[in-house]
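Take a look at the structure below.
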Amino acid sequence: EASQEQVYSEYASQAVAAALNGFNACVLAYGQTGSGKTHTLFGPPESISPNAPPSADLSEHGLVTRSILELLAARSDMAERGAGSLQIKAHYIQ
């Protein structure tokens, strides 16, 4: 059993790095119903609830949240350094 951080580091971080280097990137979760795809992508239900208070504890957040935070941090860093701009587009299909 792997933690959300381990799964992100092993799989999604590579897609984020590719996107930051100008390539299209995709993370696909495929598997049997009930196998944990939604949990892997988004974390537990309380981490994505619109009524949940913001939390600095990202230990249970899924790949989507972690990827977005990494992309936004990179965009902020690029803007501070005057190193161009970063346009982010995301698509979610279920």
Side-chain angles (χ1 to χ4, degrees):
E1 187 171 310
S3 70
Q4 293 284 52
E5 176 61 33
Q6 289 170 318
V7 174
Y8 178 78
S9 295
E10 183 69 26
Y11 301 103
S13 65
Q14 296 171 18
V16 171
L20 290 171
N21 285 311
F23 295 94
N24 291 330
C26 176
V27 175
L28 176 69
Y30 179 83
Q32 186 174 352
T33 299
S35 63
K37 299 174 299 292
T38 300
H39 181 82
T40 299
L41 290 175
F42 298 104
E46 60 272 9
S47 70
I48 59 169
S49 170
N51 300 323
S55 172
D57 178 21
L58 298 177
S59 63
E60 290 300 316
H61 284 267
L63 303 181
V64 171
T65 303
R66 292 171 189 273
S67 298
I68 290 170
L69 290 173
E70 188 170 344
L71 289 168
L72 292 175
R75 185 169 92 173
S76 177
D77 182 54
M78 289 172 71
E80 286 176 10
R81 293 183 294 127
S85 63
L86 176 64
Q87 181 181 21
I88 300 171
K89 291 183 182 181
H91 299 274
Y92 172 74
I93 300 171
Q94 183 169 345

* Sorted by first residue and then second, give each side-chain hydrogen bond (donor to acceptor under 3.5 Å, both in side chains) pair with at least one member in residues 14-28; sequence neighbours left out. =>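 For residues 14-28, and leaving out neighbouring residues, there are no side-chain hydrogen bond (donor to acceptor under 3.5 Å, both in side chains) pairs at all.
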
* With sequence neighbours left out, write down each residue that passes side chain to side chain contact (heavy atoms under 4.5 Å, CB included) with L71, or none if nothing qualifies. =>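 Listed in chain order: V16, L20, I88.
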
* Asked: In chain order, what residues pass the side chain to side chain contact (heavy atoms under 4.5 Å, CB included) check against A25, with sequence neighbours excluded?
  -> A15, A19

Quick test of your reading: applying salt bridge (Lys or Arg N to Asp or Glu O under 4.0 Å), list the pairs with at least one residue in [range], sequence neighbours left out, ordered by first then second residue.
range: residues 17-42; result: none
range: residues 23-35; result: none
range: residues 75-86; result: D77-R81
range: residues 5-19; result: E5-R66

* With sequence neighbours left out, which residue pairs that include part of residues 17-52 fulfil the ring pair (Phe, Tyr, Trp, His ring centres under 6.0 Å) condition? -> F42-Y92

* Asked: How long is the gap from OG1 on T40 to OH on Y8, to the nearest 0.5 Å?
  ->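 So the OG1 of T40 and the OH of Y8 are separated by 14.5 Å.
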
* Donor-acceptor pair, S76 side chain versus L72 backbone, under 3.5 Å? -> no

* To do: State, to 0.1 Å, how close A29 and L41 come at their nearest heavy-atom pair, and which atoms those are.
  =>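 Result for this residue pair: CB-CD1, 3.8 Å.
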
* Quick one: side-chain hydrogen bond (donor to acceptor under 3.5 Å, both in side chains) partners of Q4, sequence neighbours excluded? ->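 Q4 satisfies side-chain hydrogen bond (donor to acceptor under 3.5 Å, both in side chains) with no other residue.
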
* Asked: Excluding sequence neighbours, so at least two apart, what forms side-chain hydrogen bond (donor to acceptor under 3.5 Å, both in side chains) with S3?
  ->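 Once residues adjacent in sequence are excluded, the partners of S3 under the side-chain hydrogen bond (donor to acceptor under 3.5 Å, both in side chains) criterion are Q6.
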
